[in-house]
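So the structure is just underneath, and the comments pick up after that.
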Amino acid sequence: MISKSSEVKMEIRDNMRISWNVPIEMRDGIILRADVFTPLKEGSYPTILSYGPYAKGQLFQEAYAGQWNVMVRDFPEIMKNTTNKYQNWELTDPERWVPDGYTVVRIDSRGAGCSEGKQYLWSKIEIEDYYECIEWAAEQQWSDGNIGLLGISYYAANQWQVAAMQPPHLKAIIPWEGTSDIYREFYYHGGIRCTFLDSWLPKQLPMQYGYGERARKNPNTGESVAGPVTLSEEELSANRHDLLGDIKSNPFDDEYYRDMKVDWSKVTVPILSSANWGGQGLHLRGNIEGFLQAASEHKWLEVHGLEHWTHFYTNYGVSLQKRFFDYFLKGEDNGWDKEPPVLLQIRHIDNQFKERKEKSWPLPNTQWTKYYLDSESNTISTNAVQREGQVSYLSKNENVSFTTGPMIEETEITGPLAAKLFISSTIDDADLFVTLRLYSPDNEEIIFRGAMDAHAPVAQGWLRASHRKLDEEKTLPYRPYHLHLEEEPLIPGEVYEVDVEIWPTSIVVPKGYSLKLTIGGKDYEYEGKIDEESRNYHRYPSKGCGPFLHVPKGDIDRSNEQVTIFTGGKYSSYILLPVISKN
């Protein structure tokens, strides 16, 4: 039986047929709500669908004004050929798709926006809902049964999950900057808990179903974006799952996370996986791993830069999305199948990029180069260090750095990275924060506009030393894969060999510039002048890590913790860099 709590409204406006709050009944009787945008000409069309918690009726320009204003300032093309009345955070603009013969469907996830039910974010129940929504859409008169999924971040991550369930009518997906390993890429980086969820969850409250009259209004309908009923704070709290409590209680990659693991052997639909070089912490690794691990015979990887929402809306991004869907949803012979599997925006200084197509990832002409740490000179170089040495730092407020010195020629580094370190600690654990940075000839750090921070370094990696045990089957020389199944405490003073995964990167280092490897016990923080404007459009402190900050173990006293890095001789610590050959 269909709930009458939200009435379906149908209208014709801006050259589209629009149905607001269309009900979709789930297996347990809960009613989800969808907005459906279709061409004026009646018929059945390929359908672009999304399912997520950000309230489908919320206008991008109002809810995320800072991000919107910077984006359209830098790319005014986004404002053209659309009224922008239907722009929604991390979702596509229907006015840029419906005229080309697509139906666009936006669905509020369970317990969010105008959809009923108890909210359980990042859960199996949401993925089961998503499956039902895909099959529901395929049966509607406005759909020809060819369903494609499109969206950023949350709307990307759940695509991997539902694709593995193999809905019969799902024909292609475009996960744009979305995690595919929820433990390693979201909740725990290298076994160290990331606090992004702590700051993200409170921002979702005004989008929870039942926020009612306190929520923003959909400017197109005048109705609340968070449902027609207004619940008390107590009722809202009771109507959402305590996700943060669960994560804090489950520090290992154990049974709790099993339901949200992707079975890559079942991800067989065509994929355009889009990542961000500056997406350290959430918007990078998952797309590359998804591209590599998925069983699909038709898969492409694209990697760009700038903020994680920007290129989704630019002509560059939309044209890629359309060519891909035109080929796989419409069957148009547009040459997409001839595209090389890897499309990269190679990153240069000053936030400049140059497009290049490649045959595989990692790149075929990669020269895997070990840069050895030398504690006596605080350098890294391709020369093996013969003499043993060591350098120490206090984890709470110090770090150590090793520099290449000025590059004698322009050098491109594009691909995954890893560090092998020999360490000891004065206590039974050590949190290692490994950062690769770029410096100009006058010793000024060069930073980049990252996915969620305006002052991002070149690359970052993390490891809690007690989580050092590797999965030998999944580990690659350039991509350590830790089990994270148990804690193996350190014996204070004893030397341990640890491998740190550093998320992929791309940077063309100009002649005369230098790279610096920094190792410490806390999050990287940019030491230069903070661009105040960045605070207006990133929503989080823009000090180098954005919202992806980490907390130390709660049961150890770190006030006097000292970590020692051993180098040279039998302690051959190094960082492995993917140097790209010019030949």
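On a predicted model such as this, the values are computed, not experimentally measured, just so you know. Throughout, residue positions are numbered sequentially from 1 according to the sequence presented.
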### Task
Classify the angle between the aromatic ring planes of His308 and Trp89 as parallel (below 30°), tilted (30 to 60°) or perpendicular (above 60°).
perpendicular

### Query
Side-chain donor-acceptor pair under 3.5 Å between Lys171 and Asn146, yes or no?
yes

#### Entry: Close aromatic pair by centroid cut-off 6.0 Å: Trp20 and Phe37
yes

### Query
Do the two ring centres, one from Trp503 and one from His283, sit under 6.0 Å apart?
no

### Task
Using distance alone, with no hydrogens and no angle criterion, decide if Ser153 and Glu177 have a side-chain donor and acceptor under 3.5 Å apart.
no

### Query
Is it true that His241 and Trp122 have ring centroids separated by less than 6.0 Å?
no

### Query
Are side-chain N/O atoms of Glu235 and Ser232 paired as donor and acceptor at under 3.5 Å?
yes

### Message
Looking only at side-chain N and O atoms, does Glu135 offer a donor or acceptor that is under 3.5 Å from a partner on Tyr130?
### Response
no

#### Entry: Short side-chain donor-acceptor distance under 3.5 Å, Thr92 and Trp97
yes

### Query
Would Glu307 and Thr310 count as having a side-chain donor-acceptor pair, cut-off 3.5 Å?
yes

### Task
Go through the steps for Arg110 and Asp129 under the test salt bridge (charged side-chain N to carboxylate O under 4.0 Å, His left out), then give the verdict.
CA-CA 8 Å; Arg110 180 179 293 244; Asp129 286 349; 2.9 Å; yes

### Message
Please evaluate residues Thr103 and Thr47 with respect to the criterion side-chain hydrogen bond (donor to acceptor under 3.5 Å, both in side chains), reporting the C-alpha separation (whole Å), side-chain torsions for both, the decisive distance (0.1 Å), and the verdict.
### Response
CA-CA 5 Å; Thr103 291; Thr47 301; 4.5 Å; no

### Query
Would you say the side chains of Gln345 and Tyr316 form a donor-acceptor pair under 3.5 Å?
yes

## Note on the structure
Rounded to the nearest 0.5 angstrom, the NZ-CG distance for Lys322 and Leu320 is 12.0 Å

### Query
Could you go step by step and tell me if Lys80 and Glu77 meet the salt bridge (charged side-chain N to carboxylate O under 4.0 Å, His left out) rule?
CA-CA 5 Å; Lys80 297 179 180 179; Glu77 65 199 50; over 6 Å; no

### Message
Can a side-chain donor-acceptor contact be found between Asn218 and Glu223 if the only test is distance below 3.5 angstrom?
### Response
no

### Query
Are the ring centres of Phe448 and His455 closer than 6.0 Å?
no

### Message
To check you understand the geometry: which heavy-atom pair defines the closest contact between Gly111 and Gln208, and what is its length?
### Response
O-CG, 3.4 Å

### Query
For the rings on Phe186 and Phe196, is their centre-to-centre separation under 6.0 Å?
yes

### Message
For the residue pair Asn21 / Lys56, report whether a side-chain donor-acceptor contact shorter than 3.5 Å exists.
### Response
yes

### Query
If we ignore angles and hydrogens, is there a donor and acceptor under 3.5 Å between the side chains of Gln161 and Asn158?
no

### Task
Return yes when atom CD of Glu233 has more than 12 non-hydrogen atoms of other residues, nucleotides or ligands closer than 6.0 Å, and no otherwise.
yes

### Task
State, without any angle test, whether Arg96 and Tyr102 hold a side-chain donor-acceptor pair at a distance under 3.5 Å.
no

### Query
How about Gln460 and Cys545: do any of their side-chain heavy atoms sit closer than 4.5 Å?
yes

### Query
Taking atom types as modelled and ignoring hydrogens, do the side chains of Asp14 and Tyr86 form a donor-acceptor contact shorter than 3.5 angstrom?
yes

### Query
Aromatic ring centroids of Trp176 and Trp160 under 6.0 Å?
no

### Message
Is it the case that the ring center of His467 lies less than 6.0 angstrom away from the ring center of Tyr188?
### Response
no

### Message
Parallel, tilted or perpendicular, judged at 30° and 60°: which one describes the rings of Phe60 and Tyr64?
### Response
perpendicular

### Pair Thr83, Glu95: side-chain N/O donor-acceptor within cut-off below 3.5 Å
yes

### Query
So, Arg347 and Thr505: side-chain donor and acceptor under 3.5 Å apart, yes or no?
yes

